[in-house]
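Note that ligands are numbered from 1 as they come in the structure, with each ligand's atoms numbered from 1 the same way. Only this structure's heavy atoms are used, side chains among them; waters, hydrogens and symmetry mates stay out.
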Amino acid sequence: MNAPKFTNPLNLVRDDRVHRDVYIDPAVFELEIKQIFNRSWLFVGHDSQVPNAGDFITTRLVNQPVIMIRHDDNTIHVLFNRCPHRGAKICEHLSGNARPLRCPYHGWVFDSNGRMVSSALHNDYDRPTVSESDLNMTTVPRSVNYRGFVFASLSHDGPDFEQTLGPILPAIDNLVDRSPLGEVELIPGIHKHVCPGNWKLQLENIQDAAHPPFIHAASNEAGTKGRLDEFRMRAEDVMYGNNNAGNTLGESELGTFPYGHSYLASIPIRLKVSREAEREYKMALEASFGSDKTKAILSEPRHFNIIYPQIMLQSQFRTMKVLRPVAVDRTEISVYVFRLKGAPEEYDNVAIQFANATNSAASIILQDDLVTFANVQEGLTTSASDWVLFTNGVGKDIAGVEGSFTGKGFTELPMRNQFSAWREYMSGNPVGN
Ligand code: FES
Ligand SMILES: [Fe+2]
């Protein structure tokens, strides 16, 4: 029997399964953009990308071009990359310094907070029909700089930043706290991938403890036996414990929070550094925070955090993946690596090597996953069954405080949690589940 025509999206999600239309129906995708991505808090960039007044980066919030720019008063502004005159994009470069911003089309000039400074033909616009705001660039409705991580929301309304992200913000705190100076900065260079799969496939995959022994069997084998030389990077040079990592996933704890956030607890992988560098680093941390706090920071047990709907953060590895939905079957994935200010340089090098080994275009681990997303996307077009199952662990989720849950091993709790948030966003009123 063919899939029923999409009528009410809320009927596409049940407690232990979802209808395949959530991955393949362009109408569902359009509604997701409107209800989820245009209303939630999205990552724009890191403030270290714009250290000086006038520095900017350009990016996209979902499909809308925006500029993140530092103003003279040191505040960071997120502006739509659109001229108020006739709509041209004002910044055409990925990054740079623009003091002032000048539209390439007819030369209107704007301050770094978006206020119009002058136009060649300003007098023509100085009429009663044109208001001041008509002449300024438009600021993205809401933005927050959280410890250097700039988030924005395309909607004026909706849950506030703390309410929505509060329970998962300790993941960002743990990354930043690992710096002896309490600050991180982006290491220049971002890995970017576009994969032929729905955005939710990436998010589900990142905390899917059941897939590595199968889809990553070849990479695990290569890592175990040190056969990655031909890829110019050796996983065993970068990490401790890679050999057994896959075997311990079944014991890992998974935890979820309202609004779709979750974490997968530690697996026995940690980055290799020399003893001298480790000693120097710990001393610097202890000098800043004392030994108890240093211990707490370094023993934080999470392997992966999901900040729904688009961020996958590995605080201890200083790596962050951010997804951007492009089409129902197309997703852009950006990979960022952070420097811990005040830590020995070796820490930067090993974090870069880790990101290269796990998330670069040459990484066989990432490629395993990207190929799988394309594979699933195509499998879901068959009329074999309308349902995708997330039954593993159903009934065993353990309720915690304030809407949190935990489970163990191969539970599909994070996926069920994501779809619980999905339902709430799609209903038009996300209030936490
Ligand atoms: S479109 Fe920008 S000045 Fe005309
Ligand atoms: Fe994977």
On a heavy-atom basis, which atom in [X] and which in [Y] lie closest, and how many Å separate them?
| X | Y | result |
| --- | --- | --- |
| F317 | A351 | O-CB, 4.0 Å |
| R39 | R142 | O-NH2, 4.0 Å |
| T381 | I24 | CA-CD1, 4.4 Å |
| Y105 | R86 | OH-NH2, 3.7 Å |

Can you tell me if [atom1] on [X] sees more than 12 non-hydrogen neighbours from other groups inside 6.0 Å?
| X | atom1 | value |
| --- | --- | --- |
| R147 | CZ | yes |
| R82 | CZ | yes |
| Q64 | CD | yes |

At a cut-off of 2.8 Å, what protein N/O/S atoms sit near atom 2 (Fe) of ligand 1?
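Hits for atom 2 (Fe) of ligand 1 below 2.8 Å: C83 SG, C103 SG.
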Return all protein N, O or S atoms below 2.8 Å from the Fe ion (ligand 2), chain by chain in residue order.
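Listed by chain and number, the atoms are H211 NE2, H216 NE2, D369 OD1, D369 OD2.
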Do the charged groups of R99 and D72 touch, with an N to O distance under 4.0 Å?
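Yes.
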Against the six-membered ring of F390, is R416 placed for a cation-pi contact (under 6.0 Å from the centre, within 45° of the normal)?
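Not flagged: R416 not positioned over aromatic ring of F390.
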